[in-house]
Protein chains: 2
Amino acid sequence: MINLSPREKRQQRTHQAILDAARKIISTKGISGLSMRGLARVIEYSPAALYEYFGSKEEIIQAVVEQGFERFTGYLDRVDKTLPAAEYLTELGMAYINFAVQNPDFFLLMFTTAPLADVHGELSDEADETDQLKADASFSILLRGVERSIAEGITKTGANYGAFEIAYTLWVHVHGMAMLQVTNLRHISHDFDQINRLSLHILFEGLAAQ
Amino acid sequence: MINLSPREKRQQRTHQAILDAARKIISTKGISGLSMRGLARVIEYSPAALYEYFGSKEEIIQAVVEQGFERFTGYLDRVDKTLPAAEYLTELGMAYINFAVQNPDFFLLMFTTAPLADVHGELSDEADETDQLKADASFSILLRGVERSIAEGITKTGANYGAFEIAYTLWVHVHGMAMLQVTNLRHISHDFDQINRLSLHILFEGLAAQ
DNA sequence: TACAATACTGAACATTGTTCAGAAAATTAA
DNA sequence: TTAATTTTCTGAACAATGTTCAGTATTGTA
């Protein structure tokens with residue numbers, strides 16, 4: 001895995017160059033601004049050459065989204081884990097929103113692109129498919145933060161809800177803020193940082209209540 | 001306005017037939033399944049005829065989204081207003097999510113389509129543009145519910161936050177649930193109703209806390 | 001140096017949104 | 001009713017898109 005032949009190195013470089021160019025185009029001109037011909041022009045290949053590396057435009061987009069989630073997870077993972085749980089979760093949420101606001105079109109694409117022909121349902125029927133969530137890298141970061149907040153007594157659990165339910169609650173709240181910031185509220189010139197923090201604070205009070 | 005000439009009636013009928021057909025196509029085949037030729041075939045016109053009624057495909061989509069928001073507002077408005085504020089706001093939120101789940105592609109389009117060349121900013125610079133929100137029909141429904149909840153003592157206000165901030169908090173939370181249901185969690189066979197209600201309940205505890 | 005695999009190009013195809021000259025239909029004027 | 005005019009619609013065409021494919025370079029191996 002570590003040692004690559006010169007050919008494989010070239011392949012990987014081109015593969016990545018295509019994805020980088022695609023990501024940049026999407027970030028600047030939106031997903032509708034991405035064309036195979038334009039993409040080919042940027043990396044100085046003919047349009048047909050792209051099909052040596054990817055089966056279709058859809059596959060390219062899928063790969064860009066996949067790498068996007070990796071960068072996203074990395075971004076969230078960079079939040080200082082030595083912070084007290086309450087602050088940590090707040091900053092985690094703000095990082096989530098920040099990522100969205102700084103790459104609005106890209107974020108939008110990530111969260112509106114359905115995974116291509118996922119092989120989920122392999123363990124299927126019986127098993128609760130929310131397991132998929134728990135396996136998700138960025139959700140796991142949140143989940144660990146929540147578990148710590150429970151240990152620190154910041155959030156209370158009950159018969160109905162444990163760490164998973166609390167994490168879900170935080171997720172939807174933050175995701176809603178991020179999403180609205182990037183769609184409905186996008187062109188409203190107003191700084192939402194303060195109200196977002198306040199809003200999160202209110203939610204934490206609910207999570208702390210018995 | 002009420003009396004229309006036969007010609008105007010025909011125009012309006014065709015106009016609406018186009019939008020209805022477009023909405024149906026989007027609901028069944030997604031936005032990428034909408035083509036001018038396919039749309040024309042459904043209403044039994046030639047593709048070029050569509051341009052007699054709309055300037056472009058983009059304008060058609062815009063109009064479909066606009067009517068979508070009207071239907072959406074109507075849907076929310078149908079929630080029983082005689083319910084106690086807490087229950088009312090809960091049911092309002094669940095209706096929001098229901099609308100999304102029942103028309104996933106359509107909902108997605110509505111909340112990811114940027115309004116075309118909006119004339120906002122006309123009162124501009126000085127005025128806080130969050131006023132746009134307060135003018136929004138569906139947000140107003142929520143706002144009135146929140147004001148009632150304040151009157152009933154269900155939610156507390158503070159120096160930092162009044163009805164607007166509380167409404168925003170509820171909105172992002174519910175919107176996050178709806179959005180995730182329609183994107184990330186779409187193909188997970190799991191009933192989220194229970195956890196969504198629970199999640200909302202937790203938020204209300206925060207809103208009730210001092 | 002010859003052979004084989006890989007990487008790429010150019011030209012073509014079907015499909016898309018859109019335009020436009022003109023035919024058909026509906027409305028108005030005579 | 002007829003003639004003129006306006007509205008409504010069609011067919012053919014255009015440029016741009018994603019994709020394919022035969023064939024040509026380029027690279028790697030014997």
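Computed from heavy atoms alone, side chains included, the values below leave out hydrogens, waters and symmetry copies. So that the names make sense, note that chain A is the first sequence line, chain B the second, and so on, each numbered from 1.
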Self-check item: salt bridge (charged side-chain N to carboxylate O under 4.0 Å, His left out) involving A/Arg186 - partner list, sequence neighbours excluded
Solution: A/Asp105
Practice problem: Output yes when A/Arg78 and A/Glu91 qualify as a salt bridge under the 4.0 Å nitrogen-oxygen rule, no when they do not. | Solution: no
Exercise. Would you please indicate if the ring centroids of A/Phe111 and A/Phe107 are separated by under 6.0 Å?
Key: yes
Practice problem: Nearest whole angstrom, please: distance from the C1' of D/dT19 to the CZ of A/Phe54. | Solution: 16 Å
Practice problem: Starting from P on D/dT10, measure out to CD on B/Glu52 and report it in whole angstrom. | Solution: 11 Å
Quiz prompt | Criterion ring pair (Phe, Tyr, Trp, His ring centres under 6.0 Å) against B/Phe72, the qualifying member of B/Phe106, B/Tyr96, B/Phe139 | solution = B/Tyr96
Quiz item: Roughly how many Å is it from NZ in A/Lys9 to P in D/dT27, rounded to a whole number?
Solution: 15 Å
Practice problem: May I ask you to check whether A/Gln181 and A/Asn196 show a side-chain donor-acceptor distance below 3.5 Å? | Solution: yes
Exercise. Sort by first number and list every stem of DNA chain C: at least 3 consecutive Watson-Crick or G-U wobble pairs, both distances under 3.5 Å.
Key: C:1-26 with D:5-30, C:28-30 with D:1-3
Quiz item: Is it the case that B/Thr112 and A/Thr183 place a side-chain donor and acceptor less than 3.5 Å from each other?
Solution: no
Quiz item: What side-chain hydrogen bond (donor to acceptor under 3.5 Å, both in side chains) pairs are there with at least one residue in residues 25-45 of chain A, not counting sequence neighbours?
Solution: none
Practice problem: May I ask you to test the B/His173-B/Ser199 pair for a side-chain heavy-atom distance under 4.5 Å? | Solution: yes
Quiz item: Where is the tightest heavy-atom contact between A/Ile202 and B/Leu203, given as atom of each residue plus distance?
Solution: CG2-CD1, 4.4 Å
Quiz item: Given that B/Lys57 and A/Ser46 both sit by DNA chain C, which one's nearest nucleotide is further toward the 5' end?
Solution: A/Ser46
Quiz item: In whole Å, what is the span from the CZ atom of B/Arg10 to the P atom of D/dT8?
Solution: 6 Å
Quiz prompt | Spacing between A/Leu50 atom CG and D/dG18 atom P, to the nearest angstrom | solution = 10 Å
Exercise. Under 4.0 Å between any heavy atoms, over every strand shown, what does B/Tyr53 touch: base, sugar-phosphate, or nothing? Just pick one.
Key: sugar-phosphate
Practice problem: For DNA chain C, find the residues of residues 33-45 of chain A with a heavy-atom distance under 4.0 Å and give them by number; none if there aren't any. | Solution: A/Arg37, A/Tyr45
Quiz item: Taking CD from A/Glu8 and C1' from D/dG28, how many angstroms apart are they, rounded to a whole number?
Solution: 12 Å
Quiz prompt | Shortest non-hydrogen contact from A/Leu34 toward A/Lys57 | solution = O-NZ, 2.8 Å
Quiz item: Does anyone know the first and last nucleotide of DNA chain C in reach of chain A, 5' to 3', at under 4.0 angstrom to a heavy atom?
Solution: C/dT6 to C/dA12
Quiz item: Is there a donor-acceptor contact under 3.5 Å from the side chain of B/Glu59 to the main chain of B/Gly55?
Solution: yes
Self-check item: Of residues 22-31 of chain B, the positions that come close to DNA chain D - non-hydrogen atoms, cut-off under 4.0 Å
Solution: none
Quiz item: Mind checking whether A/Leu19 and A/Phe54 have side chains closer than 4.5 Å, heavy atoms only?
Solution: yes
